[in-house]
Amino acid sequence: MSGDQKLVTVSGWVTPASGSEGARVAVAPDSGQDYLVLHRGAGVDLLGHISARVEVIGVVVSAPQPPEQNPEEAAVPPYLMVRRYRVLDDDWEEET
């Protein structure tokens with residue numbers, strides 16, 4: 001990992017990501033920005049956890065853009081390359 005890539009931790013719900021280049025799922029925090037999950041590495045496993053609450057640790061990366069895409073189009077949510085994750089159970093918030 002290069003020096004400019006920092007690990008981030010995001011907690012939220014795994015949701016389907018339709019129509020997204022390179023992503024099949026997203027992590028939707030209770031508040032704030034959704035993160036599209038790159039379909040690589042540990043991110044592939046999240047496809048089996050749709051509707052689950054998770055905590056993911058990964059690196060925010062640039063969105064893949066086709067060359068013909070207009071840069072003035074609506075902003076694309078950030079992409080997250082997942083390094084590791086855990087599924088949170090209902091009691092997780094009470095344990096912290």
Practice item. Taking the side chain as every heavy atom from C-beta outward, state whether Val59 and Lys6 have any atom pair closer than 4.5 Å. Key: no

Check your understanding: Going hydrophobic residue to hydrophobic residue with side-chain gaps under 4.5 angstrom, can you get from Val37 over to Leu7?
Key -> no

Study note, to complete from the structure: Minimal heavy-atom distance between Glu55 and Thr9, with the atoms involved, is CG-CG2, 3.6 Å

**Study point:** Reported OH-to-NE2 distance for the pair Tyr79 and His39, which is rounded to 0.5 angstrom
**Key:** 13.0 Å

Revision key, fill the gap. Separation between CG (Leu36) and CE (Met81), nearest 0.5 Å, reads 13.5 Å

Review point. Would Val56 end up clustered with Val60 when hydrophobic side chains under 4.5 Å apart are linked, directly or stepwise?
Key: yes

**Study point:** Ionic contact status for Asp30 with Arg53, cut-off 4.0 Å
**Key:** yes

Practice item. Might you work through the side-chain contact (heavy atoms from CB on, under 4.5 Å) test for Arg86 and Val54, ending with a clear yes or no? Key: CA-CA 6 Å; Arg86 68 181 179 134; Val54 295; over 6 Å; no

Point to revise | Least distance between heavy atoms, Ala26 atom then Ala17 atom | key: N-CB, 4.0 Å

**Study point:** Check: Tyr85 and Asp45 side chains under 4.5 Å, non-hydrogen atoms
**Key:** yes

Exercise for review: Could you pull out the closest heavy-atom pair between Ala42 and Arg83, with the gap in Å?
Suggested key: CB-O, 3.9 Å

Review point. Under a 4.5 Å cut-off applied to non-hydrogen side-chain atoms, are Val10 and Pro29 in contact?
Key: yes

Review point. Going by heavy atoms in the side chains, are Asp34 and Val27 under 4.5 Å from each other?
Key: no

Exercise for review: Report yes if some heavy atom in the side chain of Leu46 is under 4.5 Å from a heavy atom in the side chain of Val82; otherwise report no.
Suggested key: yes

Point to revise | Derivation of the side-chain contact (heavy atoms from CB on, under 4.5 Å) call for Leu80 and Leu38 | key: CA-CA 6 Å; Leu80 188 62; Leu38 285 176; over 6 Å; no

Review point. So, do Pro16 and Ile50 sit near enough that their side-chain heavy atoms are less than 4.5 Å apart?
Key: yes

Point to revise | Joint cluster assignment, Leu47 & Trp13, ILVMFWY side-chain distance < 4.5 Å | key: no

